There are 2 protein chains.
Amino acid sequence: MTDQPNASRTRSDRSTWVGVDPSEDATRPPPLTRPRIVRAALRLVDDRDLAALTMRALATELKVSPMALYNHVHDKEELLDLMLDLVLGEVDCSVTEGDWLAQLRALVCSFHQALSAHQQLAQVYSTRIRLGPNGLSIMERFVGLLLQAGFSRRDAADALLVFFTFTVGIHQMGSIAPFPGAAPQDEAEYYLALPREQIPAILAVSPHLGGAHQPGVFEYGLDTLLTGLHNKLQTGEAQREDRQDDTS
Amino acid sequence: MTDQPNASRTRSDRSTWVGVDPSEDATRPPPLTRPRIVRAALRLVDDRDLAALTMRALATELKVSPMALYNHVHDKEELLDLMLDLVLGEVDCSVTEGDWLAQLRALVCSFHQALSAHQQLAQVYSTRIRLGPNGLSIMERFVGLLLQAGFSRRDAADALLVFFTFTVGIHQMGSIAPFPGAAPQDEAEYYLALPREQIPAILAVSPHLGGAHQPGVFEYGLDTLLTGLHNKLQTGEAQREDRQDDTS
DNA sequence: ACCTGAACACCGTTCAAGT
DNA sequence: ACCTGAACACCGTTCAAGT
């Protein structure tokens, strides 16, 4: 279910040709193309780790010399950009049911789900952002909804960054438990430098601190943000227009 | 102003001793200690880059062999943990003026400012989180405020993750402009794969898209989240208690 | 106990050479 | 045009040796 729409195309291509040209059984290497490289990289990250994505490892996965990749991809950076945009292609930007709040929620949820299907990839955003065509489409949809709802251009821009930042952040924090309860014992002296009496609130809450991937966390934050936006619009606070940053 | 409280201690120590022991002029190496390593590492990241923080580079900065560091620090990971906790020591957890909303805002703002003083470091959170004593104190304060305000334990835990995720995310996105307007020209074909007619909203908003570090962005998001929390509490939606995740 | 030099197993990427 | 092998300039970290 997490596969790309055409992830199985090369596979079916091969099966179509099976038996037609018996001179090369299953050892014929499929041609090395940009999409094939990107899909293999994505599979590698999903199956293993973001750290496991190495130009060398990717090359051996594709049964090719490491340098062959550089004929189709300029950089490892560009490869990561392509991977991200491929994933963002799964986001549905065309929900038009309900009011602007419902549509906004649907859009952000779809973005969230696309990232959920490829957990590790969200970490790429932490270093830099490069928006490809699919990323731009999502952004256009988001901003368009806010402008149409009546937010000022300034507020729409800020809200975009806030929602984007939050959603991506949820995935980056995901593999992490902020509470050291499950921490390895030998580091206990470090994490439990504070005596238990000093962290009563944390201890009271600890059974609910399962990390940002826990089922309801994203929805809770999204709901809080949407409620806040709705409130701002109704109280007329959504009209800031120019940024006052030339006073510094 | 971004210095640690005792960042200049070693310096003043040396100036105190100048002339007292003339046998070793300015070439006497100060003893290699854990705090000295952590401060040097932080300085290196602030002055240059997170990528510039290399055990080897740090060692030469301290005029020492790379392996000498491993006598005081187990790992590069542990070094990063120590750096983060040092920075979090600057967060003020003792503001008690105003209602819970004002106190919560003050706490998160202080956290935000501590991270702002060391921009690059926030990226460390993207891979994993290890909370040291200072991190735990902030967390305790945050959760305590919410519980006292009347939120359920479940909601307090989720809100913690949401605010944490958002604030850290703002810094990770910081150096990045999601709008490709300032992108290098030779990659234009990639970023402008969509014709201008298809992204009217983005273009309308583009002068306000300066990246997440822009002055008002964090405040806008924080305000939106706080408004949302306030609303939830008033409408009695802050009472979810158990997590329904065993139905999956 | 603390520091060092040499070495290991990795990286991304360049370059000259092959076809 | 596309692929390859060898090589370069790096990493974090281990290990045996020094003091």
Side-chain angles (χ1 to χ4, degrees), chain A residues 10 23-24 27-42 44-45 47-84 120-121 123-124 126-128 130 184 186-187, chain B residues 10 23-24 27-42 44-45 47-84 120-121 123-124 126-128 130 184 186-187:
Chain A
T10 53
S23 67
E24 17 193 357
T27 55
R28 167 161 44 134
L32 196 59
T33 66
R34 227 167 127 103
R36 219 169 76 82
I37 292 176
V38 175
R39 281 197 298 265
L42 197 54
L44 208 157
V45 170
D47 289 353
R48 301 189 160 280
D49 224 340
L50 186 57
L53 177 56
T54 287
M55 296 306 271
R56 292 167 136 98
L58 180 59
T60 66
E61 188 85 3
L62 290 165
K63 296 190 207 312
V64 110
S65 152
M67 293 311 104
L69 302 174
Y70 288 89
N71 286 314
H72 304 87
V73 155
H74 178 261
D75 238 351
K76 189 181 181 182
E77 283 238 308
E78 195 195 25
L79 176 61
L80 291 171
D81 293 338
L82 293 171
M83 291 167 69
L84 268 174
Q120 298 280 339
L121 204 58
Q123 292 179 11
V124 175
S126 68
T127 48
R128 85 269 167 284
R130 300 260 114 115
D186 54 349
E187 310 186 28
Chain B
T10 52
S23 66
E24 20 192 356
T27 54
R28 167 162 43 136
L32 196 59
T33 67
R34 227 165 127 104
R36 220 169 76 82
I37 292 176
V38 175
R39 282 197 298 264
L42 198 54
L44 209 157
V45 170
D47 290 353
R48 302 187 160 281
D49 225 339
L50 186 58
L53 176 57
T54 288
M55 298 305 271
R56 292 167 136 99
L58 180 58
T60 66
E61 188 87 1
L62 290 165
K63 296 189 206 312
V64 110
S65 152
M67 294 311 104
L69 302 175
Y70 289 89
N71 286 315
H72 304 87
V73 154
H74 178 261
D75 236 351
K76 189 180 181 182
E77 283 238 307
E78 194 195 26
L79 175 60
L80 290 170
D81 293 339
L82 293 172
M83 292 168 68
L84 268 175
Q120 298 280 339
L121 204 59
Q123 292 179 10
V124 175
S126 68
T127 46
R128 84 272 166 280
R130 302 260 113 114
D186 55 348
E187 310 186 28

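Computed from a prediction, not measured in an experiment: that's the story for all the values here. Naming: A, B, ... by sequence-line order, numbering from 1 per chain.
- With rounding to whole Å, A:Met67 atom CE is found 12 Å from C:dC15 atom P.
- Non-hydrogen atoms lying under 4.0 Å from DNA chain D are contributed by B:Leu53, B:Thr54, B:Met55, B:Arg56, all within residues 49-57 of chain B.
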For DNA chain C, what string of dots and brackets results from 5' to 3' when Watson-Crick and G-U pairs need both distances under 3.5 Å, crossing pairs get [ ], and pairs with another strand get |?
||.|||||...|||||.||
side-chain contact (heavy atoms from CB on, under 4.5 Å) between A:Leu53 and A:Gln120, intermediate numbers included
CA-CA 11 Å; A:Leu53 177 56; A:Gln120 298 280 339; over 6 Å; no
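- One interatomic measurement links the two molecules: CD of A:Glu78 to P of C:dG12, which rounds to 15 Å at whole-angstrom precision.
- Atom C1' of nucleotide D:dT19 and atom CG of B:Leu32 are separated by 16 Å, given to the nearest angstrom.
- Nucleotide C:dG12 holds its P atom 14 Å from the CD1 atom of A:Ile37, rounded to whole Å.
- Counting to the nearest Å, the P atom of C:dC11 and the CD atom of A:Glu77 are 18 Å from each other.
- Residues meeting the side chain to side chain contact (heavy atoms under 4.5 Å, CB included) test with A:Asp75, sequence neighbours left out: A:Glu77, A:Glu78.
- Rounded to whole angstrom, the span from the CG atom of B:Leu69 across to the P atom of D:dC11 amounts to 13 Å.
- Atom NZ of A:Lys76 is separated from atom P of C:dT13 by 8 Å (rounded to the nearest Å).
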One pair to check against side-chain contact (heavy atoms from CB on, under 4.5 Å): B:Leu79 and B:Leu58. What are the steps and the verdict?
CA-CA 11 Å; B:Leu79 175 60; B:Leu58 180 58; 3.7 Å; yes
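- Taking CG of A:Leu62 as the start and CG of A:Leu44 as the end, the distance is 9.0 Å to the nearest 0.5 Å.
- For the OP1/OP2 pair of C:dC3 and a distance below 4.0 Å, the side-chain nitrogens and oxygens of B:His72 include at least one atom meeting the criterion.
- When each of C:dT13, D:dC2, C:dC3 is scored by its nearest atom to the side-chain atoms of B:Ala68, the top-ranked nucleotide is C:dC3.
- Atom-to-atom, CZ of B:Arg36 to C1' of C:dC2 comes out at 14 Å; the value is rounded to the nearest Å.
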